Amino acid sequence: MCERVEESDSEGNTLKTKKYEGKLYVSIIPGNIKDHFESLQQMEVRKDDTFILSYPKSGTHWVFTIASMLRTGNSAYIGSPHFLDYNDVDYLNKLPSPRLLASHMTFDRLPLQVREGKGKVFVVSRNPKDVAVSLYTFLMKLTVSDFSGTWEGFLKFYMEGKMMYGSWFDTFFDWENIKDTYSGGNIMYLVYEDLKQDLFHNITKMASFLGVTHDKSFLEEVTERCTFKTMVKTIMQEIKPQEQEYIKKVSEEKKLPIYRKGEVGDWKNHFTVAQNETFDRLYEEQMRDSKFKFRFE
Ligand code: A3P
């Protein structure tokens, strides 16, 4: 069973989460978490299911949008993904194929059949400084948020791993471990900064991983439709009215809170020199055994 946890400090920064088996999750995960996670384990997976997995704010919606266009052969925007985390399995079972399902959980929480090689999985990661800024600014835009407080307070919690979905570093190493040990062949690893650097190249690789065939002009069209500039300009006009209503309810800004800046290195506009030095020390220490180098600009 999960317990509701409220972390707070002397400056009034507060994080409300649900804790299950030692890890913190967002409060909106239904019920006691245990039942939901157990039913996810048993969920029936279809051959053409696509899963998009990430630590929050790493580009989940971006990869989902690209994958949905590649899977359906249609460059229409379909809004936000259905998350395994927040939807009952009965509901997920009724969704038409091809399903594109997202999650911020790690591999061990995915349906057993995925872990046996069924369906396709994209894992996307992003440098932890831009993730921190994106997550904090996102939480501040929500009408009801699990965190309240300052950027300074948020960063302290984030660096201590007191965060929904746990520490960024733990998540990174969970996936590094899967890279080394899992041989199912149905996972493709993507990096936000690489997508920014060469979107067309990554989209082409994603299509071949999914096993879908599209001509160059469609892949170019997907690339154009999935640049930040195009998405931010058109997505709200093109998604379903009911989804627009939902967005207006959850976001203070009354617009899709996901699409903010879409840049590499925006952290420089938020971290103070002292915060950056402290973060760099933590990063060096935590990543000392990893060969992976994130790009921060
Ligand atoms: P910023 O807040 O830094 O702008 P997620 O979907 O995992 O919640 O991630 C949201 C982040 O991905 C946001 O980052 C958002 O702007 C960024 N993003 C979404 N679509 C993008 C795109 N087409 N190009 C670049 N970044 C994108």
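Note that ligands are numbered from 1 as they come in the structure, with each ligand's atoms numbered from 1 the same way. None of these values were measured; they are calculated from a predicted model.
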**Study point:** Any donor-acceptor N or O pair under 3.5 Å, side chains Glu44, Asn93
**Key:**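 Asn93 and Glu44 do not have a side-chain donor-acceptor pair below 3.5 Å.
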
**Study point:** Donor-acceptor side-chain pairing of Tyr165 and Asp85 below 3.5 angstrom
**Key:**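 A pair is found: one side chain offers a donor N or O, the other an acceptor, under 3.5 Å apart.
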
Check your understanding: Do the non-hydrogen side-chain atoms of Lys23 and Thr106 ever get within less than 4.5 Å of each other?
Key ->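 The answer is yes; the side chains approach within 4.5 Å.
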
Looking only at N/O atoms, are [X] and ligand 1 under 3.5 Å apart anywhere?
X: Tyr259; result: no
X: Ser58; result: yes
X: Asp130; result: no
X: Arg260; result: yes
X: Lys196; result: no
X: Pro56; result: no
X: Thr137; result: no
X: Lys261; result: yes
X: Ile258; result: yes

Quick test of your reading of the model: are [X] and [Y] salt-bridged, counting only N-O distances below 4.0 Å?
X: Arg225; Y: Glu221; value: no
X: Lys34; Y: Glu38; value: yes
X: Lys179; Y: Glu176; value: yes

Review point. For ligand 1, which part of Ser54 has a heavy atom less than 4.0 Å away: the side chain, the backbone, both, or neither?
Key: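 For Ser54, no heavy atom sits under 4.0 Å from ligand 1.
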
Practice item. Give the contacting part of Phe138 toward ligand 1: side chain, backbone, both or neither, where contact means a heavy-atom distance below 4.0 Å. Key: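 No part of Phe138 is near ligand 1 at this cut-off.
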
**Study point:** Sole candidate of His104, Glu21, His36 that passes side-chain hydrogen bond (donor to acceptor under 3.5 Å, both in side chains) when paired with Arg109
**Key:**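 Testing each of His104, Glu21, His36 against Arg109, the sole residue satisfying side-chain hydrogen bond (donor to acceptor under 3.5 Å, both in side chains) is Glu21.
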
Point to revise | Heavy-atom gap Arg126 to ligand 1 smaller than 4.0 Å | key: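 Right, Arg126 reaches ligand 1.
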
Review point. Which of the atoms of ligand 1 are close to Met231, meaning less than 4.0 Å from one of its heavy atoms?
Key: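 Answer for ligand 1: 23 (N).
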
Point to revise | Straight-line distance of Ile78 CD1 to Ile235 CD1, nearest 0.5 Å | key: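 Ile78 atom CD1 to Ile235 atom CD1 measures 9.5 Å (nearest 0.5 Å).
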
**Study point:** Protein contact to atom 1 (P) of ligand 1 [nearest heavy atom, distance to 0.1 Å]
**Key:**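 Ranked first by proximity to atom 1 (P) of ligand 1 is Ser134 OG, 3.4 Å.
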
Check your understanding: Got a sec, which residues hit salt bridge (charged side-chain N to carboxylate O under 4.0 Å, His left out) with Lys268, two or more places apart in sequence or on another chain?
Key ->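 Only Glu297 meet the salt bridge (charged side-chain N to carboxylate O under 4.0 Å, His left out) criterion with Lys268.
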
